[in-house]
Amino acid sequence: MKIKKYFRGSGRVLAFVFVASIVWLLFDMAALRLSISEVNSQLLKELVVKERELAKRQATKGTKVAGRDFKHPLEKVQMALGEGKKSDRVERKVVEVYRKTGKFNGEVKAHTAAPEKDTGTQAGANPQGSVKAKMQEKISKKSLKKHNSGTDTTVRNPIREQATETGAKEKERRVIALSRTKAPPAVREEGQPKKVIEAIKLQSSATKATTKVVPVQDTKLSVGAGLSQKANNSTLKTAKRGAQATASAIKERPVNIIQRDKKEKVVVVISKDKENHKNDSVKGSVDGNLKSAPQPGALNVGKLQASEPVKLLNISGVRRSGGLHKVMALDVTHKPRDVRAVGQFGHAAVVPLDKQEESRRRWSEGYFNVFLSEQIPVDRAIPDTRPPACSEDLVHDDLPTTSVIFCFVDEVWSTLLRSVHSVLNRSPPHLLKEILLVDDCSTKDYLKEKLDVYMSQFPKVRIIRLKERQGLIRARLAGAAEAKGDVLTFLDSHIECNVGWLEPLLERVYQDSRKVACPVIEVISDKDMSYVLVDNFQRGIFKWPLVFGWSTLPEDYIKKNNMKDSDPIRCPVMAGGLFSIDKKYFYELGAYDPGLDVWGGENMEISFKIWMCGGEIEIIPCSRVGHIFRGENPYQFPKDRQKTVERNLARVAEVWLDEYKEVFYGHGYLHLLNKNVIDVGNLTAQIQLREKLHCKSFKWYLENVYPELEAPVVKAEGLVFNVGTRKCLVLDKGSLFFETCDLSKQNQHFNYSWVKTLRQNTSCVSPQSTGTGVAMEPCDNTKTHLRWMHKTNKVLTEHLIAEVSPRGVPRRVCLEAGPKADGVYLKACEASSSFQKWQFTHYYTQ
Ligand code: UDP
Ligand code: MN
């Protein structure tokens, strides 16, 4: 009993201890949770406070700006439409934007008009959800698992397009195809990029520059940091002024000297804005004097001697904690130096009456208003056109770095500079590894030494000079081969990156290295240089024959998928000129087909390659870049322009389109099948690459990525019914006969193809030049004598018309059934003869 009692007593004690420890454990866990969330919220709070401060500063500036007669392009468009005075981003209006291929033949042009309304689709869907939503997912994962920043990579690719802003009334978008070029001698198709080949002489201005400078992206430096731009001042002159202003601004800052490296280069870190940048340091090196030059958005340490202590700014505002922060609204130009400058804030510029002749004369230098462009500051402010939600988006602190690659040939000075400055001024410095300017053998003098001198002021800018004209595609490959960043960002050389443009692109690549991220391409008017918004929910598509265009996602689709205007939009094809792609992935994909020449088609090539070989293309609405869409290419095509583009497209079709290449050829490009007209070059490497990557079929692409495209693989198919005999054609033992029509009989099934052949499997009906017979022969799309016209002639609508050339004289003949259905013959065409009328079971096109 005693023992029992004892046990009972100790049982109580044990129970008490047990309960107590449970309670203790619960308390402990709660405390732990609290402390974790405290740490998190503390970090978040700091970020938020930082953002708020920034926002406050900007808001103050913004008000002032608005007070000075700033007209937002959106307002402008809306006012033109009489839809209200205030700008409302949600209500932004479409401007006409199109990618222009230029001088295509008539048949191609027929495809250029229609503004497209998507019919709804999975491809346009956004199964990915918003960046923000993804972030939420990641946050929880990240808190458990330490992120391995070194392994994540992503890809994006560029766009090629031309557009014209024609005013709000012309809401419809026109679509025209484009493409681009050839094989770079120095580029490998896989693995790491290797050194540029002999054909390409690299000449880095950065190596020539004696002194390096550190770009400063702090908004506090915005005033005076950019180039001055008074109408009559030379850019260089005014740029120097800007540089001096910057230098003096810097002098006022407290600086810490850091250390020297072994090569006697001074490596320094300057602590600057303690509040914003307390954890960051930036290293730079200075090994000589810096020529005093313009420093928009960058610190010019100009007069410093190597022997002097050199001071560089600590410029990064990002904590490398593996955490998240709100997209940075860095914009050195946010408070422009001269609010009244021409074109300031993306405003339309006006040519004075006495300058109109000059302005007209200079148009062809760039096929846009070159005169006005010169008047506009190279560091002008532009309106923040992002959907409102974008500024709240979170991105990772440890995003990959990027090399921005600008390829150019004979680019206009002012637009080239504005492109570069927009990147320097609106990109977080720690993410901008470098800017590579690939000079595709320009002929203009100002793009030589003058450009070297100008750019030597920016340590991040390197110029790569190509010895021979390579064309856009191989120029990009040359740039990629030199790039040191994790991500390649390709841009055209007449763009303006908007605030917060970079992080959303890199975030997407960071999340999935097989995603290729494109910014929304906004319009810089070729006429008045104003920055014009484009409509939301636009995606890149194509029509036959590989004509690029934009189309709006249908409303019900947007609703069904609960899409916000800031959500990424999946695109069947990219425009081509502007995109970010993970460098490693770019090479895994085999980069561009280096056999593509000059310009055109490369956007199709890379788009098909990405989708079919496991990647994705997205437009990221929170990233916005303005682009001058031009009516003509301002540079020479070494060969005929049209032929160059057509040849590029044929290469793409041959490698990627499988049986659908006939659809391409059938839309006005049958002449490309004639090897005497166009030599598409060797495709072996490209075909092998596709096999090696185990890429999916084009049929898969159409079904899964772009199901809205009408792409019947033949024009007509089924039984071939003769109206006169009321019987059907049958192929038996290599000869054609007639039989009672029977759908179940496979030997009565024929195809009428896009390349106009009448075939069963691989046998084609061949009109004989001598006599009146027809025979079967192996199909060969290059053989023009196998082509039959059907449904193209207004009078002979149902006839099958061929051309024969007995004794070299071409003659038109029609396929006719013998009156007793005893055979098929070639006869002179007769409109009324029912024995010459043929009908297929299914017609897929008229
Ligand atoms: N480009 C080039 N070499 C060429 C053709 C073009 O480097 O042979 C450059 C051009 O300067 C521009 C970019 O490639 O920066 C895209 O060309 P463009 O703007 O003419 O194409 P679009 O925007 O009209 O499609
Ligand atoms: Mn362009």
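When a ligand or atom number is given, it counts from 1 through the structure's own listing order. These values consider heavy atoms only, across backbone and side chains, with no hydrogens, waters or symmetry-generated copies. The structure displayed is predicted, hence computed values, not measured ones.
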Give the numbers and elements of all ligand 1 atoms closer than 4.0 Å to a heavy atom of F408. 7 (O), 11 (O)
Could you tell me which atoms of ligand 1, counted from 1 in the order shown, lie closer than 4.0 angstrom to a heavy atom of S493?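 By the 4.0 Å cutoff, the relevant atoms are 11 (O), 12 (C), 15 (O).
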Check this for me: does any side-chain nitrogen of one of [X] and [Y] sit under 4.0 Å from a carboxylate oxygen of the other?
X    : Y    : result
E434 : K460 : no
E618 : R570 : no
D593 : R651 : yes
E646 : K643 : no
R380 : E496 : yes

Which value, rounded to 10°, describes the NE2(H627)-the Mn ion (ligand 2)-NE2(H494) angle? 90°
Using distance alone, determine whether C407 and ligand 1 share an N or O pair under 3.5 Å. yes
Give yes or no for whether the N/O distance cutoff of 3.5 Å, strictly under, is met between P634 and ligand 1.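 No: no nitrogen or oxygen of P634 is under 3.5 Å from one in ligand 1.
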What's the atom name of the N, O or S in D492 nearest to the Mn ion (ligand 2)?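 Relative to the Mn ion (ligand 2), the closest nitrogen, oxygen or sulfur of D492 carries the name OD2.
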Given that the side chain starts at C-beta and the backbone is N, CA, C, O, which of these parts of [X] lies under 4.0 Å from ligand 1, counting heavy atoms, or is it both or neither?
X    : answer
D440 : side chain
Y635 : side chain
N633 : side chain

To atom 13 (C) of ligand 1, the nearest of D439, D410, D492 on a heavy-atom basis is D492
Test applied, side-chain contact (heavy atoms from CB on, under 4.5 Å); reference residue, F406; option that passes from I495, V438, L436, I463: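 Filter result, single survivor: I495.
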Taken in chain and number order and not counting sequence neighbours, the residues that satisfy disulfide (SG to SG under 2.5 Å) with C407 are none
Quick one: ring-ring contact (aromatic ring centres under 6.0 Å, His included) partners of F664, sequence neighbours excluded?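 Applying ring-ring contact (aromatic ring centres under 6.0 Å, His included) to F664 gives Y669.
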Do any heavy atoms of Q470 fall under 4.0 Å from ligand 1?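 Heavy atoms of Q470 never come under 4.0 Å of ligand 1.
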Using heavy atoms and a 4.0 Å limit, tell me yes or no: is H627 in contact with ligand 1?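 The answer is yes: ligand 1 sits under 4.0 Å from a heavy atom of H627.
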